2 protein chains.
Amino acid sequence: MSDPPLVPPHEVDPVRLGAYFALIEVTSLLRHAIEQQLHEDGGLTFVRFQVLMRLHRSPTGSHRMTDLADAIVVSRSGLTYQAGLLEKAGLVARSPSPDDERGVTITITDAGRALLGRVLPGHEEVVGDLLFEPLSRADARALADLLAPVRDHMRAAPPRSASRRRARPTAEG
Amino acid sequence: MSDPPLVPPHEVDPVRLGAYFALIEVTSLLRHAIEQQLHEDGGLTFVRFQVLMRLHRSPTGSHRMTDLADAIVVSRSGLTYQAGLLEKAGLVARSPSPDDERGVTITITDAGRALLGRVLPGHEEVVGDLLFEPLSRADARALADLLAPVRDHMRAAPPRSASRRRARPTAEG
DNA sequence: TAGACCTGCTTCGACTTCGAAGCAACTAGG
DNA sequence: CCTAGTTGCTTCGAAGTCGAAGCAGGTCTA
């Protein structure tokens with residue numbers, strides 16, 4: 001008798017819990033719907049779509065591989081794989097970076113932009129219907145204003161397993 | 001000359017765009033950090049963690065497979081796979097549902113709850129540090145209040161490729 | 001009760017994803 | 001110029017994910 005509790009009881013802020021759960025659930029559902037639309041309308045996955053979008057929105061139409069991987073939050077090897085597929089499909093081109101021989105620059109092609117043109121309307125429709133339908137203009141702005149600092153904070157935070165686990169306020173610089 | 005533009009120019013609400021991008025980026029980064037912490041602290045993936053959490057928070061400690069798959073937004077086959085792993089590890093048990101012979105009820109074990117107990121502190125730390133650090137209490141509440149209706153709307157929406165693509169207001173019932 | 005249909009779960013094959021290891025090219029210090 | 005260490009990308013094997021197909025168990029209608 002009197003076993004220690006399997007999950008030590010601790011009070012979790014229910015407001016935070018609700019925000020966290022809703023965030024995970026909303027993006028899971030949204031991503032799922034987006035994947036489906038992209039697949040139907042253009043044979044794309046969300047990752048490949050993000051690659052094309054980032055390149056398309058870049059002034060030069062291109063990026064270094066590593067920068068792109070960080071931007072869309074995917075592993076380097078994962079991006080290599082997807083870039084290979086996109087290249088085989090003629091949607092991007094890869095070339096050695098001019099300044100650094102080991103670097104690879106990935107560039108969107110006209111075919112890539114054309115595919116985006118075919119896929120974007122449906123994409124906007126899905127996002128509009130699912131994410132923004134229940135949100136007023138002010139709500140959308142509020143959401144953006146809440147998430148922007150969070151994103152900046154996460155980007156600034158030690159990218160991977162640095163610190164953590166030693167949250168004690170030590171005197172290290 | 002005068003080729004048609006590859007991507008037809010259309011005005012996208014920059015506020016919506018910012019909210020959408022920030023949402024995707026924030027959850028991608030958050031999920032990445034969470035996966036890492038769960039793996040280090042308990043050899044769990046996020047999906048397996050979600051399974052255990054849902055079961056743990058259920059009054060009976062159990063769920064039907066299909067309901068659980070819908071709840072955590074994963075395919076049925078995917079859940080079957082993960083449930084197999086969790087069962088092999090002794091963290092859950094599967095049994096035929098009492099009312100419906102083809103249904104399978106999955107139940108968390110004491111070992112499953114114990115593992116949660118070991119993993120949850122680190123989990124809360126990561127979520128707190130990354131997601132909520134830049135947010136005030138009021139911000140967290142605002143975020144939850146914004147996302148709750150979105151979640152409800154998404155849950156209510158036709159789960160998969162229904163309607164869409166015929167957004168034109170036709171006279172069909 | 002029979003037949004047709006539907007549902008819940010699992011199996012299967014294809015694809016995606018990751019981290020570790022490998023390789024080429026930069027950089028620093030002598 | 002060497003050597004050592006670092007950085008950028010790819011290859012490789014292991015694991016996770018999905019949808020389609022399969023199968024057993026329900027449900028409906030006559």
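Proteins get letters first, then strands, A, B, ... in listed order; numbering begins at 1 in each. Both backbone and side-chain heavy atoms feed into the values below; hydrogens, waters and symmetry mates do not. Here the structure is a predicted model, which is why all the values come from computation and not from measurement.
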Let me know the distance between CZ of A:Arg102 and C1' of D:dT7, rounded to the nearest Å.
4 Å
Quick one, which residues of residues 80-94 of chain A touch DNA chain D with a heavy atom under 4.0 Å?
A:Thr80, A:Arg94
So that I can tick it off, tell me whether B:Asp70 and B:Arg76 are bridged by a salt bridge, with the cut-off set at under 4.0 angstrom between side-chain N and carboxylate O.
yes
Value in whole Å for how far the P atom of C:dA20 lies from CZ of A:Arg76:
13 Å
Aromatic rings B:His123 and B:Phe46: how do their planes relate, parallel, tilted or perpendicular, breaks at 30° and 60°?
parallel
Quick one: is D:dG16 close enough that its OP1 or OP2 comes under 4.0 Å of any side-chain N or O from B:Arg48?
yes
Considering non-hydrogen atoms only, spot the tightest contact between A:Ile106 and A:Ala83 and give its length.
CD1-CB, 3.9 Å
Among C:dT17, C:dA25, D:dT10, which nucleotide has an atom closest to any side-chain atom of A:Val104?
D:dT10
Give a yes/no answer on whether the side chain of A:Arg64 brings an N or O atom under 4.0 Å of OP1 or OP2 in D:dC9.
yes
Okay, side chain of B:His153, backbone of A:Asp129: is any donor-acceptor separation there less than 3.5 Å?
yes
End-to-end bend of the helix from C:dT1-D:dA30 to C:dG30-D:dC1 (five-pair axes, 10° rounding)?
30°
Without decimals, in angstroms, what is the distance between A:His32 NE2 and D:dC18 C1'?
8 Å
On DNA chain C, compare the nucleotides closest to A:Val74 and B:Thr66; which residue's is nearer the 5' end?
B:Thr66
D:dA15 P sits how many Å from B:His39 NE2, rounded?
10 Å
